[in-house]
There are 2 protein chains.
Amino acid sequence: MPSETPTLTDVARLAGVSENTVSRVVRNKGSIAEETRRRVTSAIDQLGYVPNRAAGSLASSSSLIIGVLLPSLSNIVFPEVLRGIHAALVSTPYQPMIGVTDYDLRQEQKILASMLAWQPAAIITAGFEHTDESRRMLQSNRIRVAELMDIDNRPIDLAVGFSHRKAGRAAAEHLVRRGYRRIAYVGHDWTADRRAFFRYEGLCDGLQQAGLAVAAELRFNGPSSTLAGRDTLGRLQQQAGDVDAVVFSNDDMAVGGFMHCLGDGIDVPAQLALFGFNGLEIGQALPKPLSTIRSNRFLIGKTAAETLLQASERAVEPHIIDTGFDIIEGATA
Amino acid sequence: MPSETPTLTDVARLAGVSENTVSRVVRNKGSIAEETRRRVTSAIDQLGYVPNRAAGSLASSSSLIIGVLLPSLSNIVFPEVLRGIHAALVSTPYQPMIGVTDYDLRQEQKILASMLAWQPAAIITAGFEHTDESRRMLQSNRIRVAELMDIDNRPIDLAVGFSHRKAGRAAAEHLVRRGYRRIAYVGHDWTADRRAFFRYEGLCDGLQQAGLAVAAELRFNGPSSTLAGRDTLGRLQQQAGDVDAVVFSNDDMAVGGFMHCLGDGIDVPAQLALFGFNGLEIGQALPKPLSTIRSNRFLIGKTAAETLLQASERAVEPHIIDTGFDIIEGATA
DNA sequence: CTGTTAGCGCCTTCAT
DNA sequence: ATGAAGGCGCTAACAG
């Protein structure tokens, strides 16, 4: 039985050309006579030939793999970035290889090293914080590197995202414009999630600009979640009653806050205004749609992957793409 | 400058042994003299040697890649499965390569073919439906194959999941036990999401057993979402008012249903009981925790990956692992 | 326990 | 526009 997986050689033999010619047709490189191309293509179809990627990578010392480093999969934001990346790759021969760092830079370094063993065409990573060793690996390698989510830093090669500081400021301006004055903050642990901190800083800036300051604040000592948002707002209200608006570190937390208000019969936004961040679907499905900021995660992933594939070489200067954000007015603030 | 990435040969030269010996040390295969191993290990550290995976795959015609085929990343359930898979792989040299099929079997086939070009050690796929061609590829290849989520089918090699039919029946039994009699169903499009259909079937079975039938039903013509759940329950109530409980196709839909009730001032569960499926965090963060069924997605992914790695060869007979489910009593039904 | 010998399947370079 | 030769870095036999 001819059940063996066919190789370039088999195709070449059947088409009556050299292996090299087949390789050229497959990779769409160099010029090929129309007639030859037809013969080769038909031989490929006939045999059901699929190129062996390992052999290709070894010979060219570069693979069709795109390494994707994500801090987490629990936070829906990152699967959405991945979705964008996937959308950009699906019609190409590139395949995403993913790694989850759990917000741990040493873990990132470990995964990065083992990814580089595949000689990927590019690395996409969510965030700008790396160990020195990781940075060295990313810099020395001439592969393309995209750093996502944030543009408040100088990237190694390409940054795609938006300014979280500006987003925080925008939240402050929105609330001030609406007449809120005693504005509190409810957050989660930002030692790992640096961007949450940037937004907080922006919020403070924005309030200061209006002659205000954060009226009260409480941070849950762990990752963001609806439950954390609910409980933390509850605790904040016990400690500081005279607040008229709360900015949350993200929508998960804000939705939790809304739940707290529902449970305690607090009228939103009359008694207390709530403001989130991300623009998740769940926020818009609340009885009153959440006032928040839309961060376009899918677009960030897609743009990054597309941009990387446009050129196999780095530009001399790092490139920054701002995907922006917009305020979702909602009805809670 | 010696900035070239070191190869096996470099390590062998430095350690004063043959390449093969280094290879054995790296792969931890065969027996090596303690002294030799030390010399090799130190040479590896000194050079910062990282094996070239492409070369290894080519030579052994099998890679350290695990192909993961997911129908979607928008539904939080699948990122969680992926999280489980990742947890099982993180301390091994295996790397997950992911593909998203968008519930499209032709797309699955395409991605599968390009994954197999990497000669992965195993394929993990969520679901049992495949095109004939996909099935052929999975069967003929002697690589390991895990089919996840569901165990209501005969797998190719390994199935990990639970019976969605039984879960549906359990929902029915729970509601009947609680005294509900006019039980409706609110769902989403199940032509793609086969498991939702299985649960529906189980629900009907369970009701029938109690001499009942689905009192009313409405399916949103698209994927599940909170918004869809909210609107579809709204429409159902216009059409059929005399219902005392609603089973939703999943928690997303159920949470949406809860939002509808909040908005319309419907007392849950006194006027209308709500029952979901999945046990998502958001359901438990509602003012009244959602009554639902916990499906252990993380465990499914982790168990699958672990089990696959235990043996590189398929057993003669397909193997099925039931990860089970449990009822979360909650307060909405 | 270790070394030798052949490739794995493809791509690159250089010819023609 | 096509072909020939060589090698990418590693592993699989087989020797010893």
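Proteins get letters first, then strands, A, B, ... in listed order; numbering begins at 1 in each.
- With rounding to whole Å, B:Leu8 atom CG is found 19 Å from C:dC8 atom P.
- As rounded to whole Å, 10 Å separates atom P of C:dT2 from atom CD of B:Glu34.
- Going from atom CG of A:Asp150 over to atom CZ of A:Phe128 covers 5.5 Å, rounded to the nearest 0.5 Å.
- A:Arg144 has a carboxylate O that lies under 4.0 Å from a charged side-chain N of A:Asp157, or vice versa, which qualifies the two as a salt bridge.
- Sorted by residue number, the members of residues 49-65 of chain A with any non-hydrogen atom under 4.0 Å from DNA chain D read A:Leu58, A:Ala59.
- Within a 6.0 Å sphere centred on CD of B:Glu34, heavy atoms belonging to other residues, nucleotides or ligands number more than 12.
- Axis orientation changes by 20° from one end of the helix from C:dC1-D:dG16 to C:dT16-D:dA1 to the other, with each end axis drawn from 5 pairs and the value rounded to 10°.
- Ion pairing of B:Arg135 with B:Asp132 is absent here, as no side-chain N (NZ or NE/NH1/NH2) approaches a carboxylate O to less than 4.0 Å.
- The neighbour count for A:Arg27 CZ, taken as heavy atoms of other residues, nucleotides or ligands under 6.0 Å away, is above 12.
- Whole-Å rounding puts the B:Lys29 NZ to D:dA12 C1' distance at 9 Å.
- Taking atom CZ of residue B:Arg39 and atom C1' of nucleotide C:dC1, one finds them 13 Å apart after rounding to whole Å.
- The pair A:Arg154-A:Glu317 counts as a salt bridge, with a side-chain nitrogen and a carboxylate oxygen less than 4.0 angstrom apart.
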Which atom pairs, donor and acceptor, lie under 3.5 Å between side-chain atoms of residues 113-125 of chain A and protein residues at least two apart or in another chain?
from	atom 1	to	atom 2	distance (Å)
A:Ser114	OG	A:Ile111	O	3.0
A:Ser114	OG	B:Gln95	OE1	2.6
A:Thr125	OG1	A:Glu108	OE2	3.3

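- OP1 or OP2 of D:dA12 lies within a sub-4.0 Å distance of a side-chain N or O belonging to B:Arg27.
- Per the geometry, CD belonging to B:Glu19 stands 10 Å off P belonging to D:dT11, to the nearest Å.
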Residues 45-56 of chain B, side-chain donor-acceptor partners within the protein, below 3.5 Å, at least two apart:
from	atom 1	to	atom 2	distance (Å)
B:Asn52	OD1	B:Ala54	N	2.9
B:Asn52	OD1	B:Ala55	N	3.1

Every protein N/O within reach of nucleotides 13-16 of chain C N/O, cut-off under 3.5 Å:
from	atom 1	to	atom 2	distance (Å)
C:dT13	O4	A:Asn20	ND2	3.1

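- A sub-4.0 Å separation between OP1 or OP2 of D:dT11 and a side-chain N or O of B:Ser23 is present.
- The phosphate of C:dT2 (OP1 or OP2) has a side-chain N or O of B:Thr36 nearer than 4.0 angstrom.
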Would B:Ser134 and B:Arg136 count as a side-chain hydrogen bond (donor to acceptor under 3.5 Å, both in side chains) if you check the C-alpha gap in whole Å, the side-chain angles of each, and the deciding distance to 0.1 Å? CA-CA 5 Å; B:Ser134 294; B:Arg136 202 191 53 67; over 6 Å; no
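- For A:Phe162, the ring-ring contact (aromatic ring centres under 6.0 Å, His included) test picks out A:His164, A:Phe325, with sequence neighbours left out.
- A close approach under 4.0 Å does not occur between any side-chain nitrogen or oxygen of A:Thr7 and OP1 or OP2 of C:dG9.
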